[in-house]
Number of protein chains: 2
Amino acid sequence: MRTQRLKAGASVVTEGQLVSECGVLISGYACRHKVAKDGGRQIVSFHVPGDLLDMQHLWLETADHNVQVITDANVAFVPVTALRQLVEDHPALGVALWRDSLLDASVFREWVLNVGRRDAKTRIAHMLCEFVARSEAAGLGGPSDQVIPMTQEHIGDATGLTPVHVNRMLRTLREEGALKGSGRDLQVADWKCLKQSAEFRGDYLHLAA
Amino acid sequence: MRTQRLKAGASVVTEGQLVSECGVLISGYACRHKVAKDGGRQIVSFHVPGDLLDMQHLWLETADHNVQVITDANVAFVPVTALRQLVEDHPALGVALWRDSLLDASVFREWVLNVGRRDAKTRIAHMLCEFVARSEAAGLGGPSDQVIPMTQEHIGDATGLTPVHVNRMLRTLREEGALKGSGRDLQVADWKCLKQSAEFRGDYLHLAA
DNA sequence: CGTCAAATTGACAAGGCTCAAGTGCCGTGG
DNA sequence: CCACGGCACTTGAGCCTTGTCAATTTGACG
């Protein structure tokens with residue numbers, strides 16, 4: 001296992017690449033994304049410290065998407081071979097990892113719903129709610145303690161919207177009192193209000209377990 | 001293990017439900033979907049005979065989405081407890097199932113991209129390509145042998161479009177020669193042409209393995 | 001033959017995109 | 001210390017893809 005310090009924007013895994021290590025995010029934030037033929041980028045998940053970044057490479061050798069850090073970050077890389085050995089020796093660990101990959105899938109399903117069926121404002125609010133809820137679960141403090149680390153372009157790429165429209169919707173959410181702080185200092189102003197705008201119910205995160 | 005014959009539209013699993021059995025689709029077609037607060041339905045995957053319908057319930061006890069058959073179908077149900085025992089006794093089977101759930105997740109990621117970044121025509125074409133490719137992999141014959149089993153409403157629910165617009169786009173794809181057969185008898189007319197309209201590359205299905 | 005679900009088509013409305021210009025912040029270098 | 005450059009944010013105007021509403025047709029089945 002080796003750890004690596006990465007600068008904001010650095011790439012961890014590239015689509016099509018043969019992968020022999022699984023990354024774990026130690027500090028900083030990351031995202032996974034795919035690129036459409038026209039160059040449009042779609043972010044499929046955000047990650048907070050402690051998250052496993054690409055556990056699927058334990059059993060799928062070629063990457064089907066890109067992993068990138070969105071802030072300066074530290075990432076630990078564990079060789080797939082070592083991980084397989086670990087799982088073989090400790091079945092309970094295997095179950096935990098397997099369960100984690102199922103949680104991942106659950107989040108993806110919610111994203112399909114989010115991007116497919118909700119309007120711009122709700123969509124953005126929902127994405128932010130999920131991020132904040134996951135950060136909190138990772139021990140980074142409550143909703144009001146956190147500063148959202150992504151740019152409006154990231155938010156657009158995650159929600160299938162243009163940065164311009166993201167900006168307009170963020171303004172609306174700010175005017176409604178759900179968010180506060182402009183520019184790169186976005187914060188939750190009223191968690192309950194934001195959740196309501198987002199139609200957010202965290203059940204799909206299966207955190208209670 | 002018990003098997004059950006289900007009529008088109010019957011529900012297999014409902015969101016929020018505590019699940020103690022995993023379903024396997026023996027014959028017929030199925031889909032998984034979630035519902036937004038405004039009642040809008042988002043289909044997150046389609047399934048062909050042989051697919052595992054809800055393997056995530058092996059490790060997550062409450063369902064975060066609905067499973068429904070879209071044609072008359074036969075479904076086998078395996079108790080979670082038995083499945084866990086099997087996995088414990090036969091680690092290789094566990095790996096196979098785990099890998100399957102990772103494939104599932106890969107498909108979800110592609111759907112996020114599809115719904116988030118592609119225009120209506122491409123989106124529909126892509127969804128159809130995936131379905132046909134998976135059917136072929138399941139041994140149901142080549143692209144030109146298959147009749148697409150879903151209604152235009154299903155297609156709309158899967159792509160985040162209205163049935164009306166799906167209809168318009170299907171007409172266009174038909175006029176371009178990619179599809180043939182109107183109404184409930186939709187078929188692929190020109191696989192290459194359809195793939196091109198869809199910007200389809202099946203890598204994410206990880207079928208080669 | 002009647003009924004019902006699904007498909008089809010047209011006219012119009014609207015949410016989100018594009019294009020374009022301008023602002024604020026921050027790090028860098030003179 | 002200040003000027004500069006770059007990046008992200010902000011805002012406005014007009015357009016286009018897709019949604020909405022509504023009427024009609026088609027096909028399957030009892």
Side-chain angles (χ1 to χ4, degrees), chain A residues 7-9 29 31 36 38-43 70-72 114-128 147-175 179-187 197, chain B residues 7-10 29 31 36 38-43 68-72 114-125 127-128 147-175 179-187 197:
Chain A
K7 290 227 171 118
Y29 296 92
C31 72
D38 68 354
R41 183 171 81 148
Q42 178 67 46
I43 293 177
I70 62 179
T71 63
D72 290 349
N114 198 40
V115 172
R117 281 291 165 215
R118 296 201 253 252
D119 65 23
K121 197 183 78 175
T122 315
R123 211 185 288 184
I124 291 170
H126 194 280
M127 192 230 84
L128 293 174
V147 176
I148 280 106
M150 43 261 195
T151 65
Q152 294 181 3
E153 189 174 358
H154 287 134
I155 299 177
D157 284 346
T159 50
L161 299 165
T162 55
V164 176
H165 203 59
V166 168
N167 186 289
R168 290 195 262 254
M169 293 300 105
L170 286 180
R171 173 161 51 128
T172 307
L173 286 168
R174 220 179 290 128
E175 286 165 2
L179 298 176
K180 68 184 172 189
S182 60
R184 260 145 301 182
D185 182 47
L186 193 61
Q187 280 188 288
S197 298
Chain B
K7 289 227 171 119
Y29 296 93
C31 71
D38 68 353
R41 183 172 82 148
Q42 178 67 46
I43 293 178
Q68 202 173 21
V69 297
I70 62 179
T71 61
D72 290 351
N114 198 41
V115 172
R117 280 293 165 212
R118 296 201 253 252
D119 65 22
K121 197 183 79 175
T122 315
R123 209 185 290 183
I124 292 171
M127 191 231 86
L128 293 175
V147 175
I148 279 106
M150 42 261 195
T151 65
Q152 294 181 2
E153 189 174 359
H154 287 133
I155 298 176
D157 284 346
T159 51
L161 299 165
T162 55
V164 176
H165 203 58
V166 169
N167 187 289
R168 292 193 268 251
M169 294 299 106
L170 286 179
R171 174 159 53 126
T172 307
L173 286 167
R174 223 179 287 129
E175 285 164 3
L179 299 176
K180 67 184 173 191
S182 60
R184 260 146 300 182
D185 182 47
L186 194 61
Q187 280 187 288
S197 297

Trainee: Taking all non-hydrogen atoms of both residues into account, name the closest pair between A:T122 and A:S197 and its distance.
Mentor: CG2-O, 3.3 Å

Trainee: For the helix from C:dC1-D:dG30 to C:dG30-D:dC1, measure the angle between the helix axis at one end and the axis at the other, each built from five pairs, rounding to 10°.
Mentor: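 Axis-to-axis angle, ends of the helix: 30°.
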
Trainee: Donor-acceptor pair, distance only, cut-off 3.5 Å: does the side chain of A:R117 make one with the backbone of B:R41?
Mentor: yes

Trainee: Tell me every residue that passes side chain to side chain contact (heavy atoms under 4.5 Å, CB included) with B:S182, counting only those two or more places apart in sequence or in another chain.
Mentor: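 Here the qualifying residues are B:R174.
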
Trainee: Could you work out, with side chain to side chain donor-acceptor pair (under 3.5 Å) as the rule, every residue matching B:D72, not counting sequence neighbours?
Mentor: none

Trainee: Reading nucleotides 17-25 of chain C from the 5' end, what letters show protein touch, with B for base, S for backbone sugar-phosphate only, - for no heavy atom under 4.0 Å?
Mentor: BBB------

Trainee: For residues B:G116 and A:V115, report the shortest heavy-atom separation together with the two atoms involved.
Mentor: CA-CG1, 3.2 Å

Trainee: Phosphate oxygens OP1/OP2 of C:dT8: is one of them under 4.0 Å from a side-chain N or O of B:N167?
Mentor: yes

Trainee: Give the minimum heavy-atom separation between B:G181 and B:L186, together with the two atoms involved.
Mentor: O-CD1, 3.6 Å

Trainee: In residues 149-158 of chain B, which ones come under 4.0 Å of DNA chain C, going by heavy atoms?
Mentor: B:T151, B:Q152, B:E153

Trainee: Counting only side-chain nitrogens and oxygens, does B:R171 get under 4.0 Å of the OP1 or OP2 atom of C:dT9?
Mentor: yes

Trainee: To the nearest Å, give me how far apart CD (B:E175) and C1' (C:dT9) are.
Mentor: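 Atom-to-atom, B:E175 to C:dT9, this comes out as 13 Å.
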
Trainee: I'd like to check the side chain to side chain donor-acceptor pair (under 3.5 Å) partners of B:R118; sequence neighbours left out, ordered by chain and number.
Mentor: B:E110, B:N114, B:H126

Trainee: Any sub-3.5 Å donor-acceptor pair from B:Q68's side-chain atoms to B:G9's backbone N or O?
Mentor: yes

Trainee: What is the separation between atom CE on A:M169 and atom C1' on D:dT10, rounded to the nearest whole Å?
Mentor: 13 Å

Trainee: Main chain of B:A158, side chain of B:Q42: is a donor-acceptor contact present, judged purely on distance under 3.5 Å?
Mentor: yes

Trainee: Taking all heavy atoms of B:G160 and all of B:R123, pick out the closest pair and write down the distance.
Mentor: O-NH1, 3.9 Å

Trainee: Can you tell me how far P of C:dG16 sits from CG of B:D119, to the nearest Å?
Mentor: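 Answer to the nearest Å: 17 Å.
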
Trainee: Measure from CD1 on B:I70 to P on C:dA5 and round the result to the nearest Å.
Mentor: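 So the CD1-P distance, B:I70 to C:dA5, works out to 18 Å.
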
Trainee: Taking any heavy-atom pair under 4.0 Å as a contact, classify B:R174: base, sugar-phosphate, or nothing.
Mentor: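 Sugar-phosphate contact only.
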
Trainee: Separation of B:L170 atom CG from C:dT9 atom P, in whole Å?
Mentor: 11 Å

Trainee: Check A:G156 against A:V166 and note the closest heavy-atom contact, atom names and distance.
Mentor: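 Scanning both residues, the minimum pair turns out to be CA-CG2, 3.5 Å.
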
Trainee: In whole angstroms, how far is the P atom of C:dA7 from the NZ atom of B:K180?
Mentor: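 Computing the B:K180:NZ to C:dA7:P distance gives 19 Å.
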
